[in-house]
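One structure is given here, and the rest of the page talks about it.
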Amino acid sequence: VLQKKGIKCKLFSPVKPVLTTLQNNRDHRKILVIDGHTAFTGGINLADEYINAISIYGHWKDTAIMIQGEAVKSFTIMFLQLWDVMEAKKHSARKYIENIDYSFIQNPKGYFMPYCDSPLDNENVGELVYLDLINTAKEYVHIMTPYLILDHELMTALSYAAKRGVEVSIIMPHIPDKKTAFYLAKTYYKELIPTGVKVYEYLPGFVHAKEFIVDGQKAVVGSINLDYRSLAHHMENAVLLYKNSAVNDIKKDFFETMEKCNEVTIGQKKKSVLRQIFMPILRLFAPLV
């Protein structure tokens with residue numbers, strides 16, 4: 001339908017009947033670039049539930065960010081890199097990043113830096129940025145994420161931050177979109193909460209936002225979840241902000257969302273015998289979820 005209307009579109013790495021781990025390498029980036037001067041990114045996909053036109057998992061909570069200026073060039077290149085993956089003839093980025101009119105854009109205070117992550121190199125940029133934010137926090141780390149499936153490094157960083165007096169708060173969904181991932185996340189609650197990490201669930205529905213806010217000075221908004229797939233297998237992207245006025249907006253959004261949450265406590269609800277058996281087994285398959 002889109003192609004008939006003159007819109008160019010294609011599948012990224014379509015599934016093929018071949019046994020290969022490359023089929024794990026999904027394009028999870030969310031990028032919208034307008035005339036080279038304005039870009040949007042965040043957790044929001046193009047579907048009715050993302051704007052709450054329909055309700056599948058209660059109220060859908062998500063976030064996105066708009067950036068303007070020369071940093072938009074990074075998003076243009078990110079998009080073209082993926083678009084050209086299966087193209088014989090590659091696009092030249094020059095026509096999309098040169099001679100852009102930025103004159104109408106006001107210079108913001110502070111800094112914002114787009115970045116991306118790819119499973120095809122040997123560096124987990126998304127996880128490294130998150131670890132740096134957690135490890136350099138002095139007052140607080142506030143996190144909003146739909147999934148919580150952590151490796152040893154992230155578990156250690158979050159726990160140690162809380163133990164050294166940093167306020168670590170994580171907002172999670174109360175209504176899951178994927179029950180397996182939801183119950184798997186709860187196995188991490190019982191390890192994080194005793195160390196001082198606070199976990200909240202968004203009572204109206206599902207949280208799909210990916211936010212980090214640190215000490216009121218640094219923040220990240222993007223597509224990168226706190227799970228193995230986002231951190232190791234998917235094509236991802238985000239924006240890191242430092243001493244930027246938008247950090248206050250992200251901070252405000254976090255606290256407004258927290259007002260609609262319930263804090264999770266250990267032993268809040270007794271699990272069934274079946275779930276007590278099932279959840280530790282599920283943990284063994286965490287890297288695949």
Side-chain angles (χ1 to χ4, degrees), residues 1-51 62-105 108 111-130 208 210 220-225 227-241 288:
V1 175
L2 291 174
Q3 289 177 337
K4 288 181 179 179
K5 293 181 180 294
I7 299 172
K8 295 180 180 179
C9 58
K10 64 180 179 180
L11 294 174
F12 175 82
S13 189
V15 176
K16 297 179 180 179
V18 178
L19 187 61
T20 172
T21 58
L22 290 176
Q23 305 214 26
N24 273 322
N25 302 150
R26 173 187 174 204
D27 172 21
H28 194 245
R29 296 176 185 176
K30 294 86 167 68
I31 298 172
L32 170 62
V33 180
I34 302 169
D35 293 338
H37 56 64
T38 301
F40 293 83
T41 191
I44 301 175
N45 292 313
L46 298 178
D48 288 341
E49 63 265 32
Y50 289 83
I51 57 172
D62 221 321
T63 54
I65 189 169
M66 180 183 78
I67 67 170
Q68 293 182 312
E70 292 198 24
V72 173
K73 292 179 181 178
S74 296
F75 279 115
T76 302
I77 293 171
M78 288 180 212
F79 176 85
L80 291 174
Q81 284 176 338
L82 291 189
W83 183 268
D84 285 344
V85 163
M86 302 182 70
E87 294 286 324
K89 184 180 179 181
K90 309 299 183 184
H91 284 80
S92 171
R94 184 171 296 175
K95 64 176 286 189
Y96 299 104
I97 62 176
E98 291 185 349
N99 302 315
I100 305 297
D101 180 16
Y102 302 121
S103 61
F104 69 97
I105 299 170
Y111 305 90
F112 54 96
M113 183 175 69
Y115 63 95
C116 62
D117 200 359
S118 167
L120 304 180
D121 56 28
N122 295 315
E123 191 170 29
N124 292 337
V125 177
E127 181 167 10
L128 289 173
V129 172
Y130 284 165
H208 193 251
K210 305 92 166 60
V220 164
V221 175
S223 69
I224 308 171
N225 296 318
D227 63 17
Y228 283 93
R229 288 200 168 275
S230 268
L231 298 171
H233 300 307
H234 290 169
M235 306 288 184
E236 301 282 5
N237 70 267
V239 177
L240 172 66
L241 301 100
L288 302 177

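Model, not experiment: these values are computed from the prediction.
Within the 4.5 Å cutoff, side-chain heavy atoms of Y115 are placed close to those of L240. At least one side-chain heavy atom of M78 sits less than 4.5 Å from a side-chain heavy atom of R29. Proximity of F40 to I34: side-chain heavy atoms (C-beta onward) are separated by under 4.5 Å at one or more points. Looking at V125 and C116, their side chains never come closer than 4.5 Å, going by heavy atoms from C-beta outward. V129 is not listed as a side-chain neighbour of D117, based on a closest heavy-atom distance of 4.5 Å or more. Side-chain contact check for C9 versus Q3: some heavy-atom pair is nearer than 4.5 Å. Side-chain contact between I67 and F75 is present, with heavy atoms from C-beta onward closer than 4.5 Å. For the pair V221/K210, no side-chain contact is recorded, criterion being any heavy-atom separation below 4.5 Å from C-beta on.
Looking at every heavy atom in both residues, L80 comes nearest to A93 through CD1-CA, 3.8 Å. Here the closest non-hydrogen pair linking K30 and N237 is N-OD1, 3.1 Å. The shortest non-hydrogen separation linking Y102 to E70 is CE1-CG, 3.5 Å. Nearest heavy atom pair, residue D101 against residue S103, reads OD1-OG, 2.6 Å.
Applying the 6.0 Å contact sphere to CG of L46 captures no more than 12 heavy atoms from other residues, nucleotides or ligands. Counting heavy-atom neighbours within 6.0 Å of K10 NZ, excluding the residue itself, gives a total above 12. By the neighbour-count criterion of 12 heavy atoms within 6.0 Å, atom OH of Y111 is sparsely surrounded, having that number or fewer from other residues, nucleotides or ligands.
Between the H233 side chain and the R26 main chain, no donor and acceptor come within less than 3.5 Å of each other. N124 contributes no side-chain N or O that, together with a main-chain N or O of G126, makes up a donor-acceptor pair within less than 3.5 Å. Between the side chain of Y130 and the main chain of V220, no donor-acceptor pair closer than 3.5 Å is present. Distance alone, capped at 3.5 Å, places no donor-acceptor pair between the E127 side chain and the A232 backbone. Checked by atom type and distance alone, the side chain of S230 never pairs as donor or acceptor with a backbone atom of I224 at under 3.5 Å. Without hydrogens or angle criteria, D35 side chain to H37 main chain gives no donor-acceptor distance under 3.5 Å.
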side-chain contact (heavy atoms from CB on, under 4.5 Å) between K73 and Y96, intermediate numbers included = CA-CA 8 Å; K73 292 179 181 178; Y96 299 104; over 6 Å; no

side-chain contact (heavy atoms from CB on, under 4.5 Å) assessment of I44 paired with I51 | CA-CA 9 Å; I44 301 175; I51 57 172; 5.5 Å; no

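Taking NE2 of H234 as the reference point, atom CG of N25 lies at 8.0 Å (rounded to 0.5 Å). Taking CZ of F79 as the reference point, atom CG of D27 lies at 9.5 Å (rounded to 0.5 Å). Distance check: E236 CD to T41 OG1 gives 9.5 Å after rounding to the nearest 0.5 Å. The distance from atom OG of S118 to atom CD of E123, rounded to the nearest 0.5 Å, is 11.0 Å. Here CD1 of I31 is found 6.5 Å from CG of L82. Values are rounded to the nearest 0.5 Å. Atom CZ of R94 is separated from atom OG1 of T76 by 15.0 Å, given to the nearest 0.5 angstrom.
Donor-acceptor pairing under 3.5 Å is recorded for the side chains of H91 and D84.
Under the 6.0 Å cut-off for aromatic ring centres, H208 and Y50 qualify, their centroids lying closer than that.
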